[in-house]
Amino acid sequence: MTDTQRRGRRIMMTRGELDAFLTAQRTCRVATIGRDGAPHVGALWFVWDGAALWLYSITRSRRWAQLRQDPRIAVVVDDGQEYGELRGAELAGRARFVGEAPRTGESCPELDVPERLFAQKYFGADRMPHDGRHAWLRLAPESVASWDFHKIPG
């Protein structure tokens with residue numbers, strides 16, 4: 001992940017703040033690109049492992065089909081109600097498909113950590129339930145921009 005945010009350096013999150021924020025948040029918005037160049041945005045649950053964002057997507061979705069054609073992806077995770085509370089991050093790069101699709105639980109050591117994190121975060125369980133409709137996307141961000149309006153002076 002690059003830490004070369006040019007604009008808004010005063011309000012960007014530190015690496016530790018960004019890790020804590022991405023670990024705590026539950027929903028992100030995922031942008032993909034259609035064959036005609038039109039954007040598509042949808043909400044997803046995710047987990048952050050400290051290096052990559054793991055997205056659990058329905059394999060029969062427009063998002064999945066678009067990423068098969070063009071793996072470029074942008075994801076926004078944000079929070080806050082009042083102006084001074086706004087904080088968030090935009091992560092961009094290329095999605096990589098991991099494991100079988102749809103996921104049925106076949107052994108895939110690369111998914112051990114994200115599936116444990118996801119099961120704990122969303123299901124309060126130690127093991128990932130597999131429904132035969134979802135599969136994993138991994139985004140190791142090529143660029144990250146973050147903001148935390150708590151840091152804006154007085």
Approximate separation, where rounding is to 0.5 Å, of Arg116 CZ and Met128 CE: 13.0 Å
Verdict with supporting geometry, Arg60 and Arg133, side chain to side chain contact (heavy atoms under 4.5 Å, CB included): CA-CA 8 Å; Arg60 294 183 57 123; Arg133 299 178 354 174; over 6 Å; no
Closest heavy-atom pair and its distance - Trp64, Ala135: CH2-CB, 3.4 Å
4.5 Å side-chain heavy-atom contact, Glu110 and Arg138: yes
Spacing of CZ belonging to Phe118 relative to CH2 belonging to Trp45, to within rounding of 0.5 Å: 6.5 Å
Nearest atoms (heavy-atom pairs only) where Asp49 meets Trp54: OD2-NE1, 2.9 Å
Thr14 OG1 to Lys151 NZ distance, which is reported to the nearest 0.5 Å: 5.5 Å
Close side-chain approach of Leu67 and Arg63, heavy atoms under 4.5 Å: yes
Cluster overlap Leu53 with Val41, hydrophobic side-chain contacts below 4.5 Å: no
Distance, nearest 0.5 Å, that separates CD1 of Ile152 from CD1 of Ile11: 5.0 Å
Check: Glu100 and His130 side chains under 4.5 Å, non-hydrogen atoms: no
Shortest non-hydrogen contact from Met13 toward Arg87: CE-CB, 3.9 Å
Closest heavy-atom pair and its distance - Glu17, Met12: OE1-O, 4.2 Å
Heavy-atom check, side chain of Leu86 versus side chain of Asp78, under 4.5 Å: no
Sub-4.5 Å side-chain heavy-atom contact between Arg26 and Tyr122: yes
Student check: side-chain heavy atoms of Val30 and Ile73 closer than 4.5 Å: yes
Path from Ile33 to Leu91 over hydrophobic side-chain contacts below 4.5 Å: no
Single-linkage hydrophobic cluster, 4.5 Å side-chain cutoff, Trp48 and Leu117 together: yes
Rounded distance [0.5 Å steps], CZ in Arg68 versus OG1 in Thr59: 9.0 Å
Validation row: Leu137, Phe97 side chains within 4.5 angstrom (heavy atoms): yes
Heavy-atom pair with the smallest gap, counting every atom of Pro141 and Ala51: CD-O, 3.6 Å
SB check Arg103 Glu115 (cutoff 4.0 Å): yes
Cys28 side chain near Leu55 side chain, heavy-atom distance below 4.5 Å: yes
Mutual orientation of the aromatic rings belonging to Tyr56 and His134 [parallel < 30°, tilted 30-60°, perpendicular > 60°]: parallel
Sequence-distant partners of Arg127, salt bridge (charged side-chain N to carboxylate O under 4.0 Å, His left out), two or more places apart: none
Trp147 side, atom CH2; Glu90 side, atom CD - distance, nearest 0.5 Å: 6.5 Å
Closest non-hydrogen atom pair, Phe46 against Gln25: CZ-O, 3.4 Å
Hphob cluster co-occupancy, Leu111 + Ile58, side-chain heavy atoms under 4.5 angstrom: no
Basic-acidic side-chain contact under 4.0 Å: Asp19, Arg15: yes
